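The next block holds one structure in the form of structure tokens; read it before the comments.
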Amino acid sequence: MNEINRSGWRPAMGSAGEAEAIETTTGNRGLQLEEALIFEIGNLDHCGVDFDGAIDERLLEGLPSRRSAPVDLPGLTEPEAVRHYTRLSRQNYAIDLGLFPLGSCTMKHNPRLDEKVARFPGFADVHPLQPQSTVQGALKVMDELAQWLITLTGMAGVAMTPKAGAHGELCGLLCIRAALEARGDAREVILVPESAHGTNPATAAFAGYRVENIPATADGRVDVDALTARLGLDVAGVMITNPNTCGLFERDLKTIADAVHAAGGFVYCDGANFNAIVGRVRPGDLGVDAMHINLHKTFSTPHGGGGPGSGPVVLSAALAPFAPLPFTTRGADGSVHLIEEENAAQEGHAQAFGRMCAFHGQMGMYSRALAYILSHGADGLRQVSGDAVLNANYVLRSLEGVLDAPFGAAGPCMHEALFSDDGFAEGFSTLDLAKGLIDEGYHPMTVYFPLVVHGAMLVEPTETESRGGLDQFIGAMRVLAERAKAGDPLLKSAPHLAPRRRLDETLAARKPKLVWKG
Ligand SMILES: *Cc1c(COP(=O)(O)O)cnc(C)c1O
């Protein structure tokens, strides 16, 4: 096992107990430095900047906003400041350091080409209030990306302004409400399957709808009979994730959509998992009315602390007229301009429901996403989804001998492999395995989600991992699964080799310390 376990904590230490016995005078371990807060290492006697002379007091006289006490910011010399932040950055895990198995998040490598494009001054330095004639290139990027998203999804329109997936969900539901109001129909209920991402019911509730849960079948999909039986005049729509959060394709989505439409409702599809089907399935063909696309999941862009995101929403012909302002449109001469409040009516968009945001959107995400799409081409995108699904199935089949795969027998998965804690020794849980993964040098997978599986572990390798990288991860997972099943007490106290040991999972949320008091 040790030869696969290249992160090597066992061979290096002998045992974790031994690792703990080693104490250093600094509290530092190996090359990992113990880092104090900047307020603890800085003080007012230091300054990284050389001011040339004192400020002329006369300029400040009588100013009402003048401070009466020192501001108490920690002073550091320049090398101290650089070292502090560099050391903190080394305590982070990143996609540039290793495989990031977080299910549902599509943590893939971001091509450096896209980063380069996003930094072109013509994209990076534009201001939203610039005259449109001076930002034609940026507007064309937005417009071309919008066309690609419409083509890839087979929809009629797209709202580009939402800033993230959850924001896109809100945009989609507001479009649905605008469409219902336009026909004088005040429906109140949104149906959401049990396996949905937490943002779905949260968004529906935020938009003022009552949320009702739809159960799943034993094979991990939406129970079509239960859903159709609930449809009626009070149901505004359904929110369904496809592929769903169990990593399975909802084969009955077209049947569901037809039934929802026949009952006068709309179909919202959570498209966060579009990476599994891009280039192969067009959600528009499945009867979807609105679907957000997480540009930061499917189409490049740093993700997870690398922010910001972008969640464009593609819309069916029934919902497109209600899309929020502003959006781009192309004139007969090829130039692009924005549809905004002042020209919406005369350009035929009087039904737009308003705005999601003050300004158009995340230019850096648009330029990365379009660079990603153009550099892959339609064939390349098809290959992306194929490789993502292949990699997930490789993980599923390589681990199902040691970990319980609740839907493994039902056939291949889509982009992510789902396991449960069934078979772990008494007192051992998914959390123990996840913490053990930190000692193995990996960020843990998504745990305890989806809720429909006990002790769920959701692994999404994405298409950008090599076979060698997957084998190394699988090797670590096999060792950890065996330790969890054998009840290895050292796993119960993992992680042993991280900058911090096992932290209280809820204390930070219940009693957050947001202010440093010296
Ligand atoms: C990530 C995700 C979301 C939310 O997207 P954000 O961009 O994080 O707001 C919604 N649904 C699913 C299934 C997701 O994976």
Side-chain angles (χ1 to χ4, degrees), residues 103-104 165-166 169 172-173 176 187-273 276-277 283 286-292 396 404-422 430 446-458 460:
S104 208
E169 291 170 25
L173 288 198
I176 289 173
R187 296 175 179 232
E188 294 167 356
V189 176
I190 293 281
L191 304 179
V192 178
E194 279 173 346
S195 62
H197 195 268
T199 51
N200 291 190
T203 299
F206 190 73
Y209 287 105
R210 213 169 62 238
V211 179
E212 286 186 28
N213 272 329
I214 296 296
T217 57
D219 74 348
R221 293 179 172 86
V222 173
D223 185 331
V224 183
D225 293 338
L227 187 143
T228 45
R230 179 57 191 84
L231 292 173
L233 291 177
D234 59 340
V235 175
V238 297
M239 293 181 91
I240 293 181
T241 309
N242 200 19
N244 71 21
T245 55
C246 296
L248 303 171
F249 192 79
E250 293 285 357
R251 291 182 295 238
D252 297 318
L253 187 53
K254 182 76 176 80
T255 311
I256 293 171
D258 290 345
V260 172
H261 290 152
F266 289 95
V267 178
Y268 187 91
C269 180
D270 180 329
N273 299 332
I277 56 171
L286 302 178
V288 169
D289 290 298
M291 181 181 95
H292 72 262
L396 178 70
D404 172 59
F407 306 119
C413 61
M414 294 297 290
H415 56 300
E416 50 197 0
L418 179 60
F419 304 99
S420 85
D421 61 1
D422 194 30
T430 287
T446 293
V447 293
Y448 300 108
F449 175 78
L451 303 174
V452 288
V453 166
H454 195 270
M457 287 169 267
L458 193 59
E460 181 176 3

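Note that the structure is predicted; figures quoted are calculated from it, not measured.
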What are the two closest non-hydrogen atoms of [X] and [Y], and how far apart are they?
X: S104; Y: F449; result: OG-CE2, 4.1 Å
X: R221; Y: F249; result: NE-O, 2.7 Å
X: A166; Y: T199; result: CB-CG2, 3.9 Å
X: N244; Y: E416; result: O-OE2, 3.7 Å
X: P450; Y: L418; result: CD-CD1, 3.8 Å
X: I277; Y: M414; result: CG2-CE, 3.6 Å

Please table the atom pairs, donor to acceptor, closer than 3.5 Å between any side-chain atom in residues 204-213 and protein atoms at least two apart or in another chain.
from: R210; atom 1: NH1; to: E188; atom 2: OE1; distance (Å): 3.2
from: E212; atom 1: OE1; to: R230; atom 2: NE; distance (Å): 2.7
from: E212; atom 1: OE2; to: R230; atom 2: NH2; distance (Å): 3.1

Consider side chain to side chain contact (heavy atoms under 4.5 Å, CB included). Of N200, V192, I214, L227, which one does I240 pass it with?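 Between I240 and the candidates, side chain to side chain contact (heavy atoms under 4.5 Å, CB included) is satisfied uniquely by L227.
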Any non-hydrogen side-chain atom of [X] less than 4.5 Å from a side-chain atom of [Y]?
X: F419; Y: L396; value: yes
X: D219; Y: R251; value: yes
X: V267; Y: I256; value: no
X: E460; Y: T446; value: no
X: I176; Y: R187; value: no

What do the steps show when you test V288 against L253 for side-chain contact (heavy atoms from CB on, under 4.5 Å), and what is the final call? CA-CA 8 Å; V288 169; L253 187 53; 4.0 Å; yes
I'd like to know if the side chain of [X] reaches the main chain of [Y], judged simply by a donor and an acceptor atom lying under 3.5 Å from each other, with no hydrogens or angles considered.
X: E250; Y: V222; answer: yes
X: T241; Y: D270; answer: no
X: N242; Y: C269; answer: no

How many angstroms lie between OH in Y448 and OG1 in T430, if you round to the nearest 0.5 Å? 4.5 Å
Supply the atom-to-atom distance I190 CD1 to Y268 OH, rounded to the nearest 0.5 angstrom. 11.0 Å
Run H454 and D421 through side-chain hydrogen bond (donor to acceptor under 3.5 Å, both in side chains) and show every step you take. CA-CA 7 Å; H454 195 270; D421 61 1; 2.9 Å; yes
